[in-house]
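Below is one structure; the comments refer to it alone.
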Protein chains: 2
Amino acid sequence: MILDERKRQILESVIKDYVATAEPVGSRAVVRKHALNISAATVRNEMADLEDIGYLEQPHTSAGRIPSEKGFRYFVDCMMENENPTDEQIEVLRQFMNDSIQEWSDVVQVVGSFLSKVTNYASFIIVPSVKFSQFQSLQLIPIQEGQALVLVITDVGVIMHRKISIPKSINSQDLGVISDIFNRAFRGKKLTELQRSDLQILREELKIRRQVIEDSLEALDSLLDSPNDEKVIINGALNMLKEPEFKDLDKLSRILTLFGEDGSLKDILPEQIKDGVDIRIGQENTAEDIKEMSLVIAGYRTAGELGKIGLIGPVRMEYWKAAGTVESVLNIINEIFKNTTSDNKLFIK
Amino acid sequence: MILDERKRQILESVIKDYVATAEPVGSRAVVRKHALNISAATVRNEMADLEDIGYLEQPHTSAGRIPSEKGFRYFVDCMMENENPTDEQIEVLRQFMNDSIQEWSDVVQVVGSFLSKVTNYASFIIVPSVKFSQFQSLQLIPIQEGQALVLVITDVGVIMHRKISIPKSINSQDLGVISDIFNRAFRGKKLTELQRSDLQILREELKIRRQVIEDSLEALDSLLDSPNDEKVIINGALNMLKEPEFKDLDKLSRILTLFGEDGSLKDILPEQIKDGVDIRIGQENTAEDIKEMSLVIAGYRTAGELGKIGLIGPVRMEYWKAAGTVESVLNIINEIFKNTTSDNKLFIK
DNA sequence: TGTTAGCACTCTCTTTTGTTGAGTGCTAAT
DNA sequence: ATTAGCACTCAACAAAAGAGAGTGCTAACA
């Protein structure tokens, strides 16, 4: 559907006004605020046309117009220009990442908070399961008489530590030997590639120190066991409190619960997203729970796996700003990855 | 102030009803629901007396009575019996702690979630700064060519890991030697007892491997630097959504923000609390932000330092249940500590 | 003297009714 | 094709009316 310039201007005015105020926009307001050289009556006619093709709608007869989801879609696809964060903001973020980031979990914190602070929407970051990270080393560390710590380190950092009991006869050199066995066997493999059978072979090969190895293997096993431990990190969920569309306590409650402690959000985000920044407006979302919200979402690749970052907000969203911010952040993440060899991802600094 | 039995019964009826319904309680309701052998008129007279001494109040002339904070206080001090969780619930918690708890951060998760789930209030746990935990060992672990991981382990678990660069000439045995030096020097000391001067001495004693030691010391240093890293863990904040007193969006927003991402709650809790389970009702709280909420709070000792666990909810709170639950949990925590020698706290299983 | 029934009174809450004003759609003039 | 003019619509707000729950007081009663 192609719109003439005037209709586009009117559509844009309505969208900008509505996004800013959450109120229906009347014909007078369009003329007044956007200094078009036409009368309110003309705007009314044009608006009626825009309503006919489904880009605007009226809450009731005597109200102004609000953009429909279809209208937002047209705007996003054909008219919108992304608005990036200021250079200053970008610089602050980049600085922060250089200064204080040790491993992936830090990246995620910093990026998440940046996204939500800059946009005033809720941000989410999905980190692929640690199962897809590359085994780097397993360390056995004596803690005290009869106890040791199993430490599993991958390219995204220290992903687990767990205590095991060890026979008193085993000293720290023995532990070193055992660690080395693991490391030689597994280094560089993805955890998902560690078949149970591999673990089994190791079990059988190493009759000595059997119990220690058993316990270490079990620790690794338990990592592989956890069905799907994608992590979701949500920031700025309370930004939703400000949005008038969620002033209804019931809605608010459902939304905050969604963002709540259980990480149920990840089941609700789309599996497939298109390259670059993908935007899902309201009903376009398949999950029932977010059909009155919009997503601005982008994928990033880490160790060959797909992670996601994005923003979630009301349909009445500043898509230009949201998309611009997500895009910028995505670029920074990719840039950081580019600067790290695949052998040296753990500490990305 | 001593109340006769009938007044006590009436006060209790009003409190129980009001807590359950959040509505003012009328004289008829008291008679009906609690089968007292007196007429509504008599109850009215008694209620008037209770109002005179400030235990009840009337929102307006023609409404029933609600308990005043003073009334709640009397009830809590002189009438209430704690209601403990069911044996089954306690058993589940104890089981869980035995099965799956590796270190302090796990305890805190499990306990927090238990408190909030059982009571339907928001729970908080304050964990004293790691600075007060006992240094157990510092481990230097080779990660890859030129890089090592500094791992600081105390009696509450692995409290930091950080990457440092190491000269290529240093091998893993060297790292072991260096770790041992740290361990001999510091084992068993509280981090707060590690004076900067101690670190300095170590620096000077060890001319060899200077850089590695420098970097490790710096990691320790940074732990001591962080001003006050008491941690606050909040669970079940969204339970507040259900309370009618917070149906006002503004209030709700302030409260949730308080529980929000920045952990500002810890500045608001009382410094001094009495032994056992302490209850702070409404205005009794010194902090402005929680003057319309109540706290049920208890202290626990870990490594000589005071931590706190508790619940926060509306003034109209089921104090008996809240206090009983906090008390039970406190007992379990103490029990666990009793079963662990002071040398063996890291993994409390 | 303590208790109770009866009753007028009070005050919130809900519903109803009236009013206002923003905004529209249509028509006729430009 | 555009616009001024005007009657019409409908949500939002306010005032008025009605209902109901609960009280305080008085007078009678055990």
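Every chain is numbered from 1, with letters handed out A, B, ... down the list of sequences. In this text the structure is predicted, and so the values were computed from the model without any measurement.
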**OP:** Quick one: sort the A:Phe75 and A:Trp320 rings into parallel, tilted or perpendicular, breaks at 30° and 60°.
**Re:** perpendicular

Short side-chain N/O contact from [X] to OP1 or OP2 of [N], under 4.0 Å:
{"X": "A:Arg65", "N": "C:dT24", "result": "yes"}
{"X": "B:Arg28", "N": "C:dA5", "result": "no"}
{"X": "B:Thr61", "N": "C:dC11", "result": "yes"}

Nucleotide nearest [X] (side chain, heavy atoms from C-beta), chosen from [options]:
{"X": "B:Asn45", "options": "D:dT23, D:dT3, C:dT4", "value": "C:dT4"}
{"X": "A:Gln58", "options": "D:dC10, C:dT24, D:dT3", "value": "C:dT24"}
{"X": "B:Glu51", "options": "D:dT3, D:dG24, C:dG25", "value": "D:dG24"}
{"X": "B:Ala41", "options": "C:dA5, D:dT3, C:dT24", "value": "C:dA5"}
{"X": "B:Ser39", "options": "C:dG25, D:dT3, C:dA5", "value": "C:dA5"}
{"X": "A:Thr42", "options": "C:dC26, D:dT2, C:dG6", "value": "D:dT2"}

Rounding to a whole Å, what distance do you find between [X]:[atom1] and [N]:[atom2]?
{"X": "B:Glu46", "N": "C:dG2", "atom1": "CD", "atom2": "C1'", "value": "10 Å"}
{"X": "A:Ile66", "N": "C:dA22", "atom1": "CD1", "atom2": "P", "value": "20 Å"}
{"X": "B:Glu23", "N": "D:dG20", "atom1": "CD", "atom2": "P", "value": "17 Å"}
{"X": "A:His60", "N": "C:dG21", "atom1": "NE2", "atom2": "C1'", "value": "11 Å"}
{"X": "B:Asp4", "N": "C:dG2", "atom1": "CG", "atom2": "P", "value": "11 Å"}
{"X": "A:Ile10", "N": "D:dT2", "atom1": "CD1", "atom2": "P", "value": "10 Å"}
{"X": "A:Lys7", "N": "D:dA1", "atom1": "NZ", "atom2": "C1'", "value": "12 Å"}
{"X": "A:Arg6", "N": "D:dT3", "atom1": "CZ", "atom2": "P", "value": "7 Å"}

Query raised in the report: Sub-3.5 Å donor-acceptor pair from the side chain of A:Ser68 to the main-chain atoms of A:Gly71, do we have one?
Result: yes

Presence of donor-acceptor pair under 3.5 Å, side chain of A:Ser62 and base of D:dT9
yes

Test side chain to side chain contact (heavy atoms under 4.5 Å, CB included), reference B:Arg280, set B:Ile290, B:Ile312, B:Thr286, B:Ile273, output is B:Ile273

- Message: Between A:Arg65 and A:Tyr55, do the side chains contain a donor N or O and an acceptor N or O under 3.5 Å apart?
- Response: no

Self-check item: Polar contact flag, side-chain donor to acceptor under 3.5 angstrom, B:Arg73-B:Tyr319
Solution: no

